[in-house]
Amino acid sequence: MNLTNFRFETDADGIATATWDMPGRSMNVITPELMAELDQIIDTVASTEAIKGCVITSGKEAFSGGADLTMLQGLRDLYIRLAKEKGEPVAMQSFFDESRKLSLLYRKLETCGKPFAAAIHGVCLGGAFELALACQYRVVSDDASTRVGLPEIKVGLFPGAGGTQRVARLMQTGDALQMMFKGEQVKALPARNTGLVHAVVPRDQLVANAKEWLKANPQAKAPWDDPKFKLPSNKVYSPAGMQIWPPANAIYRRETNDNYPAARAILSAVYEGLQLPIDLGLKVESRYFAKILRTKEAASMIRSLFVSMQELNKGARRPADLPPSKLKKVGVVGAGFMGAGIAYVTAQAGLEVVLVDRDQEAADKGKAYSHKLVSDQIMKGRAKTADRDALLSRITATADYAALKGCDLVVEAVFEDPKVKAEVIAKVEAAVGPKTIFGSNTSTLPITGLASHSLRPQNFIGIHFFSPVEKMLLVEVIMAKKTGKKALAMALDFVRAIKKTPIVVNDTRGFYANRCVGNYLREGHLMLMEGVPPAMIEAAGKQAGMPVGPLSLNDEVAVDLAFKVLKATKAQAGDGAVDPAQEKLLSDMVEKNGRLGRKNRKGFYDYPEAGPKRLWPGLADLVGKRLAPEQVDMQELQHRLLVTQALEAARTYEEGVVTDPREADVGSIIGFGFAPYSGGTLSFIDNMGAAAFVKLCESLAKKHGERFKPNRQLKRMAKTGESYYGAAAAKAAARAA
Ligand code: NAD
C-alpha cells in the first residue's frame with residue numbers, strides 16, 4: 001500500500017492497526033487523499049487472509065475533527081462549472097456521485113467481510129464519527145477531552161456519510177434527532193449510555209481493548225445487517241413511532257422556524273430512511289445531502305462560520321511583517337462587570353493579570369468573579385480545584401497603578417465617561433513603559449478622541465468586548481487615526497491568546513456591531529409605537545432567525561443603556577439623529593416607569609421570581625394604540641428587522657468602518673446573532689442580490705421612512721450587478737497580480 005496519512009501494521013494475531021496521522025497537520029481531517037488511502041486499507045484488510053480485523057486509531061492528540069469543509073466548497077464550485085459547461089442534468093449526476101463517495105466508502109468498510117473497530121481518544125466529530133459509526137465496534141478513552149458527535153448542522157450541513165441512518169438505528173429516535181439538530185458533542189460516558197459507543201477505557205488501553213474485541217468477534221456485522229434487527233424506537237408507522245413524529249415536527253419548527261434546510265433534511269432523511277433497509281436509507285440520505293450542499297444557506301454558513309472564521313482566527317488582518325508579540329502580563333483597569341470578565345478570560349489563557357480598581361475592595365470583587373466562574377465549572381465537573389487555585393494565583397487584584405509596571409498590554413474598562421477615561425489613561429501611562437499597548441473597551445466613545453489624551457497615540461487601540469465576556473466570541477479591534485501596526489499586532493495576538501475571534505474596524509460612533517444591533521432594537525421600538533402587538537414583534541424577530549426578539553434583547557442589554565446611548569447620540573449628532581417615537585418610548589419606560597430591563601426585573605417583560613418572563617401588560621397603555629393582529633404583515637416585520645441591520649452593515653462598509661465582508665459577516669453572527677443561516681449581514685445582501693435588496697429597501701423607505709433608504713454604494717452595486725464578495729475577490733486578485 002502507498003500510505004502517507006496512515007501507518008499500517010499487523011500483529012502476530014492477525015489484527016491490523018491503521019493509525020491515522022496526517023503529516024504537517026495538527027488535526028486529522030478527511031480529504032480526497034485520505035479517502036483514497038482508506039479505500040486501499042479496506043481492500044487490503046478484506047483480501048488478506050492473515051488479517052482478521054482492523055483497528056482504526058489516531059496518532060494525534062485527538063481522533064479527527066471530520067471532513068475538510070473546503071473540499072465540500074470545491075464540490076459546489078464543480079457543480080456550478082459543470083452546469084455551465086455540460087448542463088444541469090450532467091452537473092447534478094456528477095455532484096450526487098461525488099458527494100456520495102464518502103458514504104459509499106464507509107458502507108464498503110462496514111460490509112467488506114472483516115470487522116473494524118474505532119479506538120477513539122479526543123474529539124471525533126462529523127465525518128470522522130461517521131467513520132467510527134461504520135465500524136462494528138467503538139471504544140473511547142475516559143479522558144475529559146474525548147467527545148463524539150455530528151456538529152454539521154452548525155455550518156448549515158447535515159451528516160451525509162451515513163450519520164443520520166446509523167445514529168437513528170443506534171439510539172432512540174428522539175435522542176438521535178436532538179443530537180443532530182443541536183450538533184451536540186457527547187462525552188464518553190453519555191455516549192456509552194446512549195449506545196453511540198460500546199466501551200469506555202483508559203487511554204492507554206484503547207487499542208488493546210479494540211484488538212481483544214476484534215479477536216473475539218471475527219464475524220461481526222453491523223446490527224442493521226442482521227435480518228433480525230429491530231429499530232430502537234420501533235417502526236415509524238407504529239404506535240411508538242406516532243409518539244415521536246408529530247412532536248418532532250413541532251420541535252423542528254419551534255427551534256428553526258424553518259430557516260435551516262439542513263435541519264429539515266435531517267428530519268426527512270431519518271423519517272424516510274428508517275422505513276427502508278440500510279442501503280436504501282443511505283441513498284435517501286445522500287439525495288438530501290446533495291440537495292443541502294447546493295443550498296445558499298450551506299454555502300454561506302460554511303464560508304462565514306468555518307472558512308472566514310478560521311482565517312480571522314489565524315490572523316488574516318494581522319500585519320504579517322511583525323513577529324508574534326511576547327505577551328505575558330496584561331493589565332485590566334476597572335474591575336466592574338466587563339473588567340472582571342476580561343481578567344478571567346485572560347488568566348484562563350495562562351497570562352498574568354493585574355486587575356486594578358479604585359480601591360482594594362472593588363478590585364477584589366472583580367477577582368471574585370473568576371472564583372465564581374471556575375467554581376461553577378468545578379461543580380459541573382469541568383475543572384478541578386487545582387485549576388481554580390492556579391488561575392486565581394495569576395490574578396493580582398490591587399488599587400495600586402504602579403503594579404501595572406511590566407505589562408505588555410493594558411485594557412481599560414472603567415466608567416463610560418471621557419473624563420474618567422482621560423484620568424485613567426494618564427495614570428496608566430505614568431506606570432508603564434513606552435512599549436506597553438493601551439486598549440480601551442469603550443463601547444461608544446470614539447477611540448481617536450480617547451487617544452488624544454495619550455502621550456503615545458500610536459500605542460492606543462480599541463479592544464471592544466461583548467458581554468458576557470466569558471461567553472461571547474467576538475472582539476472588535478478598533479483602529480484610531482494614529483494607531484500603529486504594533487498596537488494592532490499586539491491586540492490581535494491578545495485576542496488569539498484568549499481564543500476569541502477578532503474583527504478589525506475603523507473608528508466611528510458605535511463601531512460596527514453596536515450600530516447594526518442598535519438598529520434592530522430601534523426597529524422593535526418603532527414597531528411597538530406603531531401599535532404592533534409586542535408578541536408579534538418578538539415572534540417576527542425569531543422567525544427572521546434572530547436568537548431573541550428585539551424587546552427581549554433590549555431587556556438583556558438594559559433599557560436605560562439604550563436610552564443613554566440615544567441621548568448621547570442626540571447630544572453629539574443633533575435632534576435629527578434620533579427618532580422621536582423611540583425617544584418617547586425609552587423615556588417613558590425608564591424615567592416614568594423605572595423599567596430598566598432584566599437587571600431590575602422590569603423591562604419590556606416582567607421577570608417574576610418564579611416562572612417564566614412575561615410581556616409587561618403596561619406596554620399597551622404606554623403606546624396607546626394597538627393594531628389588530630390581522631392588520632400586521634408578519635413577513636414585512638421580518639424584512640424590517642433584518643434589512644435595518646444589513647443596511648447599516650452596508651453603510652459601515654461604504655464608510656470604511658468595516659473593510660472586509662468576512663469581518664462584517666462573522667462579526668454579525670457571533671457578535672449579535674444575525675440570522676446565522678444567511679451567512680451574515682453582507683452575505684444576506686449578496687444572496688438576495690443587490691438589485692433586489694435595493695428594491696426592498698426602497699419599498700420599506702416609502703412606507704416606513706428615510707431610515708430604509710439604500711446607500712449610494714448599494715445603488716451602484718444594484719446597477720452593475722456587483723456583490724460584496726465578488727468585489728473583494730476581484731480586489732484580492734488584483735493585489736496578488
Ligand atoms: P462597571 O460600572 O460595571 O465597571 C466599571 C468599573 O470601573 C467599576 O468597578 C469602577 O469602580 C471602576 N473604575 C471607575 N473609575 C476608575 C478609576 N479611575 N480607576 C480604576 N477603576 C475605576 O461598567 P462596565 O459595564 O464594566 O463597563 C466598563 C466599560 O466597558 C465601559 O467603557 C463600557 O462602555 C464598556 N463596555 C460595556 C459593555 C457592557 O455590556 N456593560 C460592553 C462592552 C463594553
Side-chain angles (χ1 to χ4, degrees), residues 250-251 253-257 259 337-338 341 443 466-469 471-472 513-514 516-567 578-579 581-629 631-632 634 636-638 640-642 644-645 671-676:
I251 293 168
R253 286 260 160 195
R254 186 190 68 196
E255 297 297 318
T256 67
N257 284 298
N259 284 322
F337 179 56
M338 295 301 285
S443 34
F466 294 78
S467 82
V469 176
K471 289 214 181 106
M472 297 296 287
N514 283 348
C516 301
V517 77
N519 276 17
Y520 180 57
L521 299 184
R522 181 183 62 193
E523 209 52 35
H525 296 153
L526 295 181
M527 287 172 180
L528 195 63
M529 294 307 275
E530 288 161 24
V532 179
M536 292 182 86
I537 302 173
E538 295 293 84
K542 287 221 224 158
Q543 285 168 10
M546 297 298 291
V548 291
L551 306 177
S552 294
L553 183 62
N554 200 168
D555 273 1
E556 296 301 326
V557 299
V559 188
D560 56 328
L561 184 68
F563 189 41
K564 215 165 131 190
V565 172
L566 180 139
K567 284 195 290 191
V578 302
D579 196 298
Q582 186 189 25
E583 187 178 5
K584 177 169 182 331
L585 173 71
L586 291 178
S587 144
D588 284 354
M589 286 285 288
V590 176
E591 293 175 334
K592 284 202 190 138
N593 292 283
R595 302 205 66 96
L596 310 182
R598 186 191 271 279
K599 65 181 174 184
N600 74 339
R601 298 182 167 277
K602 291 194 297 186
F604 291 101
Y605 287 78
D606 280 327
Y607 298 84
E609 288 282 352
K613 64 180 183 183
R614 265 197 233 113
L615 277 158
W616 176 43
L619 282 176
D621 299 332
L622 209 68
V623 174
K625 59 182 161 183
R626 185 150 188 153
L627 297 172
Q631 287 173 280
V632 179
M634 278 304 273
E636 191 186 276
L637 296 191
Q638 289 176 37
R640 284 171 66 181
L641 290 170
L642 293 186
T644 188
Q645 298 178 74
F672 49 97
F674 184 84

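When a residue number appears, it is its place in the shown sequence, counting from 1.
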Partner of Gln645 under side-chain contact (heavy atoms from CB on, under 4.5 Å), picked from Glu523, Met546, Arg640, is Met546

SB check Lys564 Asp560 (cutoff 4.0 Å) | no

Here the pair of heavy atoms bringing Met472 nearest to Ser467 is CG-O, 3.4 Å

Do Asn554 and His525 meet the criterion of a side-chain donor-acceptor pair at a distance under 3.5 Å?
-> yes

So which heavy atom on Gly549 is nearest to which on Lys542, and how close?
-> N-CG, 4.2 Å

Give me the one residue out of Arg598, Arg595, Lys613 that meets salt bridge (Lys or Arg N to Asp or Glu O under 4.0 Å) with Asp606.
-> Arg595

Report the distance from atom CZ of Phe674 to atom SG of Cys516, rounding to the nearest 0.5 Å.
-> 8.5 Å

Write down the atom of Gly524, the atom of Ile537, and the distance for their closest heavy-atom approach.
-> O-CD1, 3.8 Å

Of Asn519, Leu526, Leu641, Thr644, which is the lone residue that meets side-chain contact (heavy atoms from CB on, under 4.5 Å) with Pro550?
-> Leu641

Under the ring-ring contact (aromatic ring centres under 6.0 Å, His included) test, which residues partner Phe563, sequence neighbours left out?
-> none

Give the ring-plane orientation class for Tyr607 versus Tyr605, where under 30° counts as parallel, over 60° as perpendicular and anything between as tilted.
-> tilted

Nearest-0.5 Å distance that lies between atom CG in Asp621 and atom CG in Asp588 = 11.5 Å

Under the 3.5 angstrom rule, does the side chain of Glu538 hit a backbone N or O of Ser552 as a donor-acceptor pair?
-> yes

Could you grab the distance from atom CZ of Phe604 to atom CD of Glu556, nearest 0.5 Å is fine?
-> 12.5 Å

Approximate separation, where rounding is to 0.5 Å, of Gln582 CD and Lys584 NZ | 13.5 Å

Answer yes or no: is there a donor N or O on one side and an acceptor on the other, between the side chain of Asn600 and the main chain of Gly594, under 3.5 Å?
-> yes

Answer whether the closest heavy-atom distance between the side chains of Val557 and Leu521 falls below 4.5 Å.
-> yes

Closest approach of Gly671 and Phe466, non-hydrogen atoms and distance?
-> O-CD2, 4.3 Å

Nearest atoms (heavy-atom pairs only) where Ala540 meets Gln638 | O-CG, 3.5 Å

Side-chain donor or acceptor of Asn257 paired with backbone N/O of Asn259 under 3.5 Å | no

Rounded to the nearest 0.5 Å, how far apart are CG of Asp555 and CH2 of Trp616?
-> 11.0 Å

Those residues at least two apart in sequence (or on a different chain) that pass side-chain contact (heavy atoms from CB on, under 4.5 Å) with Pro534 are Leu528, Leu551, Leu615, Leu619, Arg626

Roughly how far, to the nearest 0.5 Å, is the CE atom of Met529 from the CD atom of Glu583?
-> 11.0 Å

Could you tell me which non-hydrogen atom of Leu642 sits nearest to which non-hydrogen atom of Ala544, and how far apart they are?
-> CD1-O, 3.6 Å

